[in-house]
A.B. asks: 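Before I ask anything, let me first share the structure, which is written out below as structure tokens.
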Amino acid sequence: MDILLFNVTTAALMVLMFNGGLALVGQSTLERRRIPWAAVGLSGLALAGVALQLCWSGAMGALDADPSKSGWWRVVTSVFMQNGGFGGAAWNIATLAAVAAFADWFWGAPLTLGLFAAGILLPEQIDKLWGQTSHSTDPRNFAGSSGATYFLGATLAAALLLRGGADENPGKAVGHGAEQGSDDQGASRGKAVRKNRLLALGVPVLGLAMWFAQENGHGLVSCYGFALGALAWATCRSVLHPDRDLRQPPRTTVASLTGLVGRRNRSAG
């Protein structure tokens with residue numbers, strides 16, 4: 001029962017982050033956005049890690065984060081190893097791809113990669129500041145991308161709290177009735193912003209509850225990510241252009257790529 005509750009709350013936290021990412025970039029804008037190459041790269045590394053595990057029986061022993069073994073590289077390479085079986089690996093890679101895509105569209109590729117790296121390296125250092133210097137001896141914690149993914153997802157929740165949501169239709173209304181339409185849009189926008197901010201606040205609240213009730217590390221790293229996300233938005237907001245794809249449509253979009261794949265599949269069939 002405890003394991004089931006652990007899995008349910010962990011999944012619920014990811015659902016909050018996923019919905020927050022949709023609200024931050026705008027669900028209706030996804031097909032018009034560029035290919036999120038940072039997300040493609042991170043997902044590719046995770047898939048390559050699984051392939052390595054399948055091809056080399058010693059991969060986990062050489063690359064995981066077992067504290068009884070030496071190796072400076074383990075803190076990084078362990079992120080791209082998976083030890084939750086087929087279901088766990090599929091969940092980790094799918095959530096990494098989705099969260100990294102939202103982050104790439106909002107933060108941009110360089111900052112996304114930097115925040116993901118912070119999700120790998122910072123939690124252990126922050127734990128030391130709080131006096132939590134003991135390493136887990138649970139083998140389930142020796143590998144997996146979920147910690148860095150939850151950290152990255154929480155940075156999006158912080159940005160959603162501070163920004164309020166996506167600007168899905170950049171530009172101003174013109175023509176007859178524009179003023180009345182603007183009032184209606186303003187009221188609708190205000191309601192959506194309040195809803196989005198409550199959604200964003202749910203991430204650190206649930207994360208802290210998970211940590212204190214279950215000692216669930218996903219909740220704790222989510223709080224760390226939330227704090228760093230707020231700092232990143234405060235310091236980098238002037239150079240971020242999350243609505244760039246809507247104002248200057250890219251040549252290759254998500255819709256055009258999926259359409260091309262669909263045509264090729266029909267031709268092959």
Side-chain angles (χ1 to χ4, degrees), residues 1-21 38-69 71 73-103 115-124 127 132 134-157 203 206-207 209-211 213-225:
M1 186 64 182
D2 289 343
I3 294 177
L4 177 61
L5 184 60
F6 183 97
N7 291 336
V8 168
T9 53
T10 302
L13 182 58
M14 175 51 65
V15 170
L16 283 179
M17 292 179 179
F18 182 85
N19 288 331
V40 172
L42 290 173
S43 302
L45 285 174
L47 288 170
V50 171
L52 182 63
Q53 289 177 254
L54 294 174
C55 297
W56 178 28
S57 61
M60 185 65 75
L63 302 174
D64 70 3
D66 186 342
S68 67
K69 301 174 183 177
W73 61 86
R74 292 180 180 276
V75 66
V76 176
T77 56
S78 61
V79 173
F80 300 103
M81 300 285 102
Q82 308 295 340
N83 63 354
F86 177 81
W91 169 263
N92 281 355
I93 295 173
T95 54
L96 171 59
V99 168
F102 293 141
L115 291 171
F116 188 80
I120 297 173
L121 302 173
L122 280 184
E124 183 177 357
D127 287 346
Q132 299 181 31
S134 61
H135 292 276
S136 172
T137 57
D138 187 342
R140 292 177 301 178
N141 295 327
F142 294 172
S145 57
S146 61
T149 299
Y150 277 71
F151 185 101
L152 182 61
T155 68
L156 296 173
V203 170
L206 179 58
M210 289 165 57
W211 171 247
Q214 305 171 327
E215 292 190 358
N216 189 332
H218 296 90
L220 188 59
V221 298
S222 296
C223 294
Y224 296 161

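We count residues from 1, following the sequence as given.
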A.B. asks: How close do A118 and P123 get, heavy atom to heavy atom, and via which atoms?
C.D. replies: O-CD, 3.4 Å
A.B. asks: Kindly write out the residues that satisfy ring pair (Phe, Tyr, Trp, His ring centres under 6.0 Å) with F80, not counting sequence neighbours, or none if the list is empty.
C.D. replies: none
A.B. asks: Between side-chain atoms of residues 43-64 and protein atoms elsewhere (two or more places apart, or another chain), which donor-acceptor pairs fall under 3.5 Å?
C.D. replies:
from	atom 1	to	atom 2	distance (Å)
S43	OG	A39	O	2.8
Q53	OE1	Q82	N	2.9
Q53	NE2	Q82	O	2.8
D64	OD1	D66	N	3.3
D64	OD1	R74	NH1	3.1

A.B. asks: Checking T149 now: which residues fulfil side chain to side chain donor-acceptor pair (under 3.5 Å) with it, not counting sequence neighbours?
C.D. replies: none
A.B. asks: Can you list everything that forms a side-chain contact (heavy atoms from CB on, under 4.5 Å) with V15? Sequence neighbours excluded, please.
C.D. replies: N19
A.B. asks: Could you give the distance from OG (S78) to CH2 (W73), rounded to the nearest 0.5 Å?
C.D. replies: 12.0 Å
A.B. asks: Grab the two heavy atoms, one from G225 and one from A154, that are nearest each other, plus how far apart they are.
C.D. replies: C-CB, 3.9 Å
A.B. asks: Hey, could you give me the CG/OG distance between L152 and S222, rounded to the nearest 0.5 Å?
C.D. replies: 10.5 Å
A.B. asks: Among residues at least two apart in sequence or on other chains, which ones pass ring pair (Phe, Tyr, Trp, His ring centres under 6.0 Å) with Y150?
C.D. replies: H218
A.B. asks: What is the minimum heavy-atom distance between G144 and N92, and which atoms define it?
C.D. replies: CA-ND2, 4.3 Å
A.B. asks: Where do A143 and N83 come nearest, in terms of heavy atoms and distance?
C.D. replies: O-OD1, 3.5 Å
A.B. asks: Decide yes or no for P67 and F142: does some side-chain heavy atom of the first lie under 4.5 Å from some side-chain heavy atom of the second?
C.D. replies: yes
A.B. asks: Identify the two heavy atoms, one from V99 and one from L156, that lie closest to each other, and give their separation to 0.1 Å.
C.D. replies: O-CD1, 3.9 Å
A.B. asks: F18 vs F102, test: ring-ring contact (aromatic ring centres under 6.0 Å, His included). Steps then yes/no.
C.D. replies: CA-CA 9 Å; F18 182 85; F102 293 141; 5.4 Å; yes
A.B. asks: Pairs under 3.5 angstrom only: tabulate donor-acceptor contacts from the side chains of residues 3-13 to other protein residues two or more places apart or in another chain.
C.D. replies:
from	atom 1	to	atom 2	distance (Å)
N7	ND2	I3	O	3.4
T9	OG1	L5	O	2.9
T9	OG1	F6	O	3.0
T9	OG1	Q214	OE1	3.0
T9	OG1	Q214	NE2	3.2
T10	OG1	F6	O	2.7
T10	OG1	N216	ND2	2.8

A.B. asks: Closest heavy-atom contact between V79 and F116?
C.D. replies: CG1-CZ, 4.1 Å
